[in-house]
K.L.:
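Sharing a structure here in C-alpha cells format.
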Amino acid sequence: MKELDLTQGSVPRVLLLFAGPFLIANILQALYGGADLFVVGQYDDAASVAGVAIGSQVMQTVTGIILGLTTGTTVLIAIATGAKNDREAAATIGTSICFFTAIGTLLTLAMTVFHESIAAAMHTPEEAMNDTKHYLLICSVGIPFIMGYNVVCGILRGLGDSKTPLYFVTLACVINIVLDFILVGYCGMRAAGAAIATVLSQGISFSTALCFLYRRGFRFRFTRKNIRFNPHLSKRIVTLGGPIALQDALVNISFLLITVIVNRMGVIASAGLGVVEKIIVFAMLPPMAISSAVAAMTAQNFGAGQLQRMNRCLYAGIGMALVFGISMCTYAQFLPETLTGIFTNDSAVAAAAADYLKGYSIDCIIVSFVFCINSYFSGQGNSWFPMIHSLIATFLFRIPLSYLFSRIDPSSLFIMGFAPPLSTTVSLLICVWYLKINQRKLRAKLSPSIH
C-alpha cells in the first residue's frame, strides 16, 4: 500500500498523482450504472431503459449519502495523518467500521421495505413500473457492499493511497459488464438482470478489499481493540460528513423531483433524461476526482499547518478541472447525439436526450470551480457552507427553473437543459463571496508564523 505525502513536493504534480487513480476508479465505478443502461439499451425497449434509469437515479441518491458520510472519515484520517497522529487515525478507522455497519443495516432495511412506494412516488410511467421495482429491490440488497467498499476506499484515501481502490473497482467493473451481457443480453432478464450483475460485482469488490486490508494492514498499529464505537469520533464523522451527505442526498432528491417532472412528459422524455444523467455522471467524474484530491490534500496540509500550500492546491485543482469541463461542453454543443446514441438505439430517445444535453453540458465548466472550492472548505473541516449554498441553488433555482422551463415547452427537453448551469452559477457567486472571507481568516492564522 503506497501512500503519498500530500504535504511535500510540487503541488500540481502531487495533486495529479493523487487524483489520477481516483479519476480512473470513479470512471470505472460509474460504469456500474452506465453499463447497465448501455446493455439494456442495446437489447430492450424504452420501458426497460426508463426502469434502469429511474432505479439507478434512486440508488445514486443512496450512494451519495454513503459517500458524503465516508468523506468525514477521509478528512479526519487525513488531518490525523498530516499531524502525524497515528493513534487518532487508528481510532477513527475503528469507529468508522462500527458506525457504518449500523448505517448500512438501516439503509438496507429501509430501501427493501419501501422500494415499491419509492417507485410509485417517482411517478414512474406504467410501462416501466415493473422494471423499476425489480431494479430497486435487488440493488437495495447490495447496499452493505456499497457501504463497505466506500468505507475502505475512504480510509485508504485519507491515508494518501488513491491507487489501491482503483484495483478493487476495476475488478468489480469487469465482472459487472460480463454479467450484464450474460443476464440481460443472453438470459433476457431485463432490468432485474442488470441489478443482479451490479450487486454481485459490488459484493466481490468489497470482499476483495476486506481481504487486502486484513493481509496488508496499515503502517501503524491497528488491532481488533481499535474496532469500537467512540461517541466523540462518531460525532466528528457526522459533523464533517453529515452536511456533505445531506447535501448530496437533497441534491439527488432534487434530481428525482426533476425526474418526476419529466416523467409526466412521457416515456421518451423519461428515457432521454435518464440517458443524459448517465452522460453527465461520466462528464462530472474528472472535476469530482480532482476536487476529492483537493479535499484530501487540503486536509493533510491543514493538519500540518501549511496554509499557503492549501491555496496553491485549490488553484491547481480548478485549472485541471477546467480542462475537462471546457472540452466536454464544446463537444456536446456540436456532436450531442454521438454521446446520447451510446446508451440507446431508439432515435426518438437519443434526439430528446441530445436537446437536453446541449444546455446541461455548460454546467461542466461551472462545477469545475464550485466542486474544488467546496472541497477546499471541507478539507478544513467546514462542510456546512458547501451544503448551505448547494441547497439554496438547488431548491430555490434548479427545481423551480426546471418546472418553469418544462411548462414553457412541454414537447422538448431543450430549454430545461439550461436550469442546471443557471443554478450552479448562483452557487459559484456565493462561493466567490465566501472564499474572500475565508482567505482573510487564513491570512490572519498565517501571519504569526511569518513573523
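Counting begins at 1 with the first residue of the sequence. Everything numeric here is computed off the predicted structure, so don't read it as measured data.
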K.L.:
With a 4.5 Å cut-off on side-chain heavy atoms, are Met59 and Thr198 touching?
P.N.:
no

K.L.:
Minimum heavy-atom separation for Arg398 and Tyr360, please, with both atom names.
P.N.:
NH1-OH, 3.9 Å

K.L.:
If we only count heavy atoms from C-beta on, is the Leu396 to Pro400 side-chain gap below 4.5 Å?
P.N.:
no

K.L.:
Do any N or O atoms from the side chain of Ser412 and from the backbone of Asp409 form a donor-acceptor pair under 3.5 angstrom?
P.N.:
no

K.L.:
For the residue pair Phe418 and Phe414, categorise the inter-ring angle as parallel (less than 30°), tilted (30 to 60°) or perpendicular (more than 60°).
P.N.:
perpendicular

K.L.:
What heavy-atom pair brings Ser390 and Asn374 nearest, and what distance separates the two atoms?
P.N.:
OG-ND2, 4.1 Å

K.L.:
Any side-chain heavy atom of Met147 within less than 4.5 Å of one from Leu69?
P.N.:
no

K.L.:
Just so I know, are the side chains of Met265 and Leu413 near enough to count as touching, which here means a heavy-atom distance under 4.5 Å?
P.N.:
yes

K.L.:
Are any of the side-chain heavy atoms of His232 and Thr95 separated by less than 4.5 Å?
P.N.:
no

K.L.:
Has the side chain of Ser368 got a donor or acceptor atom that lies under 3.5 Å from a matching backbone atom of Ala321?
P.N.:
yes

K.L.:
To the nearest 0.5 Å, how far apart are CG in Leu15 and CE in Met297?
P.N.:
5.5 Å

K.L.:
Distance-only, no hydrogens or angles: does the Thr74 side chain make a donor-acceptor pair with backbone N or O of Gly154 under 3.5 Å?
P.N.:
yes

K.L.:
Roughly how far, to the nearest 0.5 Å, is OG of Ser378 from CZ of Phe385?
P.N.:
10.5 Å

K.L.:
For residues Met320 and Phe324, report the shortest heavy-atom separation together with the two atoms involved.
P.N.:
O-CD1, 3.3 Å

K.L.:
Just verifying a value: how many Å separate Ile155 CD1 and Thr164 OG1, rounded to the nearest 0.5 Å?
P.N.:
12.5 Å

K.L.:
Side chain to side chain contact (heavy atoms under 4.5 Å, CB included) between Leu156 and Phe168: does it pass, once the steps are laid out?
P.N.:
CA-CA 12 Å; Leu156 293 174; Phe168 303 146; 4.1 Å; yes

K.L.:
Apply the side-chain contact (heavy atoms from CB on, under 4.5 Å) test between Phe100 and each candidate in Thr70, Val152, Ile66; give the one that qualifies.
P.N.:
Thr70

K.L.:
With side chain to side chain contact (heavy atoms under 4.5 Å, CB included) as the test, would you mind laying out the steps for Ile342 and Ile279 before giving the verdict?
P.N.:
CA-CA 9 Å; Ile342 294 173; Ile279 294 172; over 6 Å; no

K.L.:
Backbone N or O of Val267 within a donor-acceptor pair of the Ser270 side chain at under 3.5 Å?
P.N.:
no

K.L.:
Calculate, to the nearest 0.5 Å, the distance between atoms CG and SG belonging to Leu179 and Cys187 respectively.
P.N.:
10.0 Å

K.L.:
Do Thr73 and Val151 have side chains that approach each other closer than 4.5 Å (heavy atoms only, starting at C-beta)?
P.N.:
no

K.L.:
Please check if the side chain of Ser207 supplies one atom and the backbone of Gly203 the other of a donor-acceptor pair under 3.5 Å.
P.N.:
yes

K.L.:
Can you name the nearest heavy-atom pair linking Pro420 to Tyr356, along with the distance?
P.N.:
CG-OH, 4.4 Å

K.L.:
Between Tyr167 and Phe212, does the ring centroid distance fall short of 6.0 Å?
P.N.:
no

K.L.:
Between Ser375 and Cys372 (side chain of the first, backbone of the second, donor and acceptor by atom type, cut-off under 3.5 Å), is there such a pair?
P.N.:
no

K.L.:
Classify the side-chain pair Tyr331/Ser361 by whether it contains a donor and acceptor separated by less than 3.5 Å.
P.N.:
no

K.L.:
Report yes if the side chains of Phe405 and Leu422 come closer than 4.5 Å at any heavy-atom pair, otherwise no.
P.N.:
yes

K.L.:
Is the count of non-hydrogen atoms from other residues, nucleotides or ligands lying under 6.0 Å from Tyr434 atom OH greater than 12?
P.N.:
yes

K.L.:
List the steps, then state whether side chain to side chain contact (heavy atoms under 4.5 Å, CB included) holds for Tyr135 with Ile54.
P.N.:
CA-CA 9 Å; Tyr135 191 90; Ile54 295 168; over 6 Å; no

K.L.:
Determine the minimum heavy-atom distance between Val294 and Gly317, stating which atoms define it.
P.N.:
CG2-CA, 4.1 Å

K.L.:
Do you know the tightest heavy-atom contact between Leu183 and Gly193?
P.N.:
CD1-O, 3.5 Å

K.L.:
Quick one: sort the Phe145 and Phe206 rings into parallel, tilted or perpendicular, breaks at 30° and 60°.
P.N.:
tilted

K.L.:
For Lys358, is there any backbone N or O sitting under 3.5 Å from a side-chain donor or acceptor partner on Gln333?
P.N.:
yes

K.L.:
Going by side chain to side chain donor-acceptor pair (under 3.5 Å), name the pairs with one or both residues in residues 100-117, residues two or more places apart or in two chains.
P.N.:
none

K.L.:
When rounded to the nearest 0.5 angstrom, what is the spacing between CD1 in Ile280 and CG in Leu285?
P.N.:
10.5 Å

K.L.:
Can you tell if the side chain of Thr424 reaches within under 4.5 Å of the side chain of Phe397, non-hydrogen atoms only?
P.N.:
no

K.L.:
State which residue, out of Cys329, Ser327, Pro287, fulfils the side-chain contact (heavy atoms from CB on, under 4.5 Å) condition with Ile365.
P.N.:
Cys329

K.L.:
Assess the residue pair Met416 and Leu273 against the criterion (side chain to side chain contact (heavy atoms under 4.5 Å, CB included)); give the C-alpha distance rounded to whole Å, side-chain angles, the decisive distance to 0.1 Å, and a yes or no.
P.N.:
CA-CA 10 Å; Met416 276 189 66; Leu273 177 73; 5.7 Å; no

K.L.:
Hey, could you give me the CD1/OG distance between Ile143 and Ser140, rounded to the nearest 0.5 Å?
P.N.:
4.5 Å

